[in-house]
Structures are given as structure tokens and as C-alpha cells.
A.B. asks: 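Let me begin by handing over the structure; questions about it come next.
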Amino acid sequence: MRFTALAVLAVSFPAIASAAEAVNFEIVQPDVLAGTDALSSAWADYDNDGDLDLAVAFEYGIVKLFQNNDGVFADVSAKAGLGTVARADAEALKPIEVRSSAWGDYDGDGHLDLYVGTRFAGVGTPPTLNRSYLFHNNGDGTFAEVAAKMGVDAPAASVRQASFIDLDGDGDLDLFMADRNGANRMFRNDGAVFVDIAEKVGLADKRFTVGVCWFDMDKDGDLDAFVANQDGGTDAFYKNDKGMFTDVAARLGMDRPGRAKDEGGVGCSVSDYDNDGNLDIFVATYGDNLLYRGDGKGAFTEVAQKQGITGHGHNVGASWGDFDNDGFVDIFVADYHDDEPVNRLYRNTGNGFVDVITPVMNGSDHGVQWADYDGDGDLDLSLTNAFSKTVARHVLLRNGLDAAARAKSLQVMVRDSKGKYAPGAEVRLFNKAGKLLATRLVNTGDGYNSQSVSPIHFGLASSEPVTVEVTYITAKGRLTQRETGVQPGKIVTVKQKP
């Protein structure tokens, strides 16, 4: 459905770079959403009312929850029991930062729960409030903090990308934590409590991990993990073999050895940029951005420069999304120099990428996420900005595609056999002749320590009906099902058959 009640600040500019169509985004509700010092964001329908709400993590221990009411947002943090979660005194505990956020229904009660991770930015012994927080959704608009009870409080960790995934295929969500200052953690969900199995299964990487992307890199039926490491460390790619993980990055030529101390991988994002049916990886780095083209068999070729993606610098977060609904997925990259944003919006032309960033969009130095918050068929963009003193602080930008372009889209909500979100599943569209149109991954976290539980968005070249194919990653391997004759211009739900 399309929402009609919108509150936006109408500010748009012509594209800086050459482009086929105008790029038109506008700032939404700056009086409510334009907070300062934001680091990550996560979209989800936490109240089950049919539209996407937004959680934003800030420096200095603050988490805000913005409830979406027919396209208009209200700050319900205090009512929900969030707000100031990691500090009791603004000055004494100021160095505590909330760095990561992710949604997942860990107990399977039909209500999405919220995880946030913190970092101690001071010196000396981290205070007790430097830990992870898991907010159980009570289903009545309020949350109860249960991290210690569930065994995922991770004291003194500097948690970055968090991923709710079903690692073992048992039907419940496990939780991976990337620790910037220690070994990564893989918490298996045992129902009453989570148990850290990272050391046991080979995932306790002690490098300075910031970004993690989970997907089935070799199509063998289980989830693998690309791991982006900072401080001159090499990147990792953990291949899953019956629940045990081996780092194959060096063998694949993806480890990036020889980095300087101030270089390294930061955020990663997965999609199929060339519509060949195989998933590709973008890696934002301190250094040169990387684009790995996958062959679907577990091998990747780095093609960033060849495809027109440049940007040596302080690249932090990146997220794929077809913002212009032309059928080719584009990517937004957050970069900053001297604490000021130098963002890029790379439009995918089908023959490479062209930067079409506009001034109003140049507002992020950390987390970025695409989502169609107003249900009108095009992707909007949440940005976070922690450092800038000159660029207008804003959290949300609304996409201004025209009605004809918005109609050429389809959004697919993927559910498992129990009706729950299925991170790591793959969605493909085919036309009536059987030609593959596009492939997307159900989000497992990207865009710098951010994440979304939202429908998978596709732009389309026409308004003809399509076939939707969903591949689930299960304990039995890859299970695929199809829905035929699906009409564009709507949101559809595909539920795994028992």
C-alpha cells in the first residue's frame, strides 16, 4: 500500500555526475529524526502494524526508536523502555558508544526483538555498562532488557556488526557478534539461553573485525561468512562445512595482505549487481573500495575499478538498493574525510557504475540502510552522521521517484515454515519467458553495523507479471519454491512450505 500522510522537508538538487534520470531525495521530519552523533540504524515492523519502524544507535549510550504511523514518525523510545540504555551520567560515562543494532525474533513469539552493542571509547578498565543489550519485545509496545539472562551481554566487548541468523538450521535464530577488540562470538540459540560456540566451530577470529556478511557463497546449502578486518589485518572468508568453519580468504585471493596499520575492511554488503544469479560482495575499506564478483561456485574476482567504483579514503558503510527501479541494483557508500562526509551513490547502468550523489544525500559517515518506509514502491534511505560539524544532520531521506517508476517494482517478504523472517535466503525474479531478472539476499546485516528486517525490493523494467523464486538455507540444504504470475506494484509474502 502507499501511505499519503508524509512530513518532509522538500530539498532536492540535480545530480552532480551524469545520469539518465534525476536523483530526487528529500529530508524527512528533521524536527524528529535529525539527531546528532548517530552510528547505526535498523529497520523493522516491531509493532506488527504493516509498516517499517526505525531504531537508531547513537554515541554516548543512546538508542532511539521511531514508530512509523502511516509514514509519519514519532519518537517512542521512552515509552518503549529504550532511550538512554548504556549510561547513567552523561559526563562520567560519555565514552560509551552504541555502535551496532539488529532486529530478530529470537524466541519465536511473533514479535521482533532488538539487539544493540556498545564500545568503550575511553582508556582504562571499561565500565560495567559497556556490554551488549538484548531488548525482548513484549508485544505491547514495550521492551524488557534480557541480555545477561540470555547469556549475550558480552562484557567489555566492542561489538560491531551483529547478525541474527539460523546457523544450524534448527528453526531458531542464533546471534553472531563481531568484536572490534577481541575474538568474535557465535551464540547458538538453545531456547532458554544462548551458548557461545565460536571457538568450537572456528569462528573466534581475534583480528579487529568490523563488518560481517553471511550468505551461501558456494551454493552448497549452508551459510558462510565474509569478515572485514581493520588495523591492517587481513580479511577472512569462513567457509561452512557441516557446521565447522575454515578461513579460505587467502586461497581465494580475498585476504588483502600487506595493508598499512591505518587500512582495512570496514563494512560489507551482498547483492547480485550484474543479474547473473550469483551473489557479489562490496567491501567498504579504509583504502580502496572492493567489489568481488561471484561465480556461484565459491570463487570471486575483484572488479571495483573496472566497474567504475573508485574512492580511496575512509569508507565505512555501504548498502545495495535499486533506488531508481531500473532493474539494476545500485550502492550507497558512506565515506568521510577530516570528519566531513564524502558520500557516493553509485548508479548501476548495467555497464558499470556512475556516481550520482546529490548534496542533500551527502550526510553519512557511518551506518546506511535502504527501506521503503512509506510503502510507495521506491527505496528511501536512512543515514547516520557522528562527526560532521558543517553538514546538516539527518537520519532519513525520502525517494521522490515518479508514480510510473514506483509502479515498476515488487517487494517480497520472505518467511520460513514457522512464519518467521529468514535471513540468508535468496530471492530471484524471472520473466514469463523464464529469463532471470535479478537476485537479492535476505539481509543478514550491512551498511556499517546496521541491519533491516524488511521486504526485499526489486525494481523492474516492465510491469509484466513475474515468477518469484525463494531459496531457503535449511538443515536439509537449499530448498527452493516458486510463486508464478506475481503482479508488480505490490508487497507479497512467500512462506516456506512445510
A.B. asks: Would you say the side chains of N431 and E464 form a donor-acceptor pair under 3.5 Å?
C.D. replies: no
A.B. asks: Indicate whether any N or O donor in one side chain lies under 3.5 Å from an N or O acceptor in the other, for N189 and D174.
C.D. replies: no
A.B. asks: Under 6.0 Å between the ring centres of F300 and F237?
C.D. replies: yes
A.B. asks: Would you say D241 and T246 make side-chain contact, with heavy atoms under 4.5 Å?
C.D. replies: no
A.B. asks: Taking 4.0 angstrom as the limit, do R180 and D231 come out as a salt bridge?
C.D. replies: yes
A.B. asks: Distance to the ring centre below 6.0 angstrom and angle to the axis at most 45 degrees; does that hold for R99 and F58?
C.D. replies: no
A.B. asks: What closest approach, in Å, do K490 and L410 show between heavy atoms, and which atom pair accounts for it?
C.D. replies: O-CD1, 3.5 Å
A.B. asks: Under 3.5 Å, is there a donor on one side chain and an acceptor on the other for S41 and Q369?
C.D. replies: no
A.B. asks: So, Y286 and R259: side-chain donor and acceptor under 3.5 Å apart, yes or no?
C.D. replies: no
A.B. asks: Testing the 3.5 Å rule here: is there a donor-acceptor pair between the side chains of S100 and S40?
C.D. replies: no
A.B. asks: Nearest 0.5 Å please: distance from the CG atom of L112 over to the CH2 atom of W103.
C.D. replies: 7.0 Å
A.B. asks: Would you name the heavy atoms of A334 and H366 that are closest together and state the gap between them?
C.D. replies: CB-O, 3.5 Å
A.B. asks: Could you verify whether a donor N or O on one side chain and an acceptor N or O on the other, from S132 and Y115, lie under 3.5 Å apart?
C.D. replies: yes
A.B. asks: Restricting to non-hydrogen atoms, name the atom on Q161 and the atom on V212 that form the minimum distance, rounded to 0.1 Å.
C.D. replies: CG-O, 3.6 Å
A.B. asks: Is the closest side-chain donor-acceptor distance between D446 and S319 under 3.5 Å?
C.D. replies: yes
A.B. asks: Do D172 and K420 meet the salt-bridge criterion of a basic N to acidic O distance under 4.0 Å?
C.D. replies: no
A.B. asks: Would you call R398 and D374 a salt bridge, using N to O less than 4.0 angstrom?
C.D. replies: yes
A.B. asks: Strictly below 4.0 Å, N to O, side chains only: are E426 and R478 in salt-bridge contact?
C.D. replies: yes
A.B. asks: Can you name the closest pair of heavy atoms from F353 and V329 and give their distance?
C.D. replies: CE2-O, 4.0 Å
A.B. asks: Checking K297 against N278: is there a side-chain donor and acceptor pair closer than 3.5 Å?
C.D. replies: no
A.B. asks: Between the side chains of D205 and R207, is the shortest nitrogen-to-carboxylate-oxygen separation below 4.0 Å, so that they form an ion pair?
C.D. replies: yes
A.B. asks: Decide yes or no for N362 and P341: does some side-chain heavy atom of the first lie under 4.5 Å from some side-chain heavy atom of the second?
C.D. replies: yes
A.B. asks: Looking at F176 versus W214, is the centre-to-centre ring distance below 6.0 Å?
C.D. replies: yes
A.B. asks: Taking the six-membered ring where the residue is Trp, are the ring centres of F387 and Y336 under 6.0 Å apart?
C.D. replies: yes
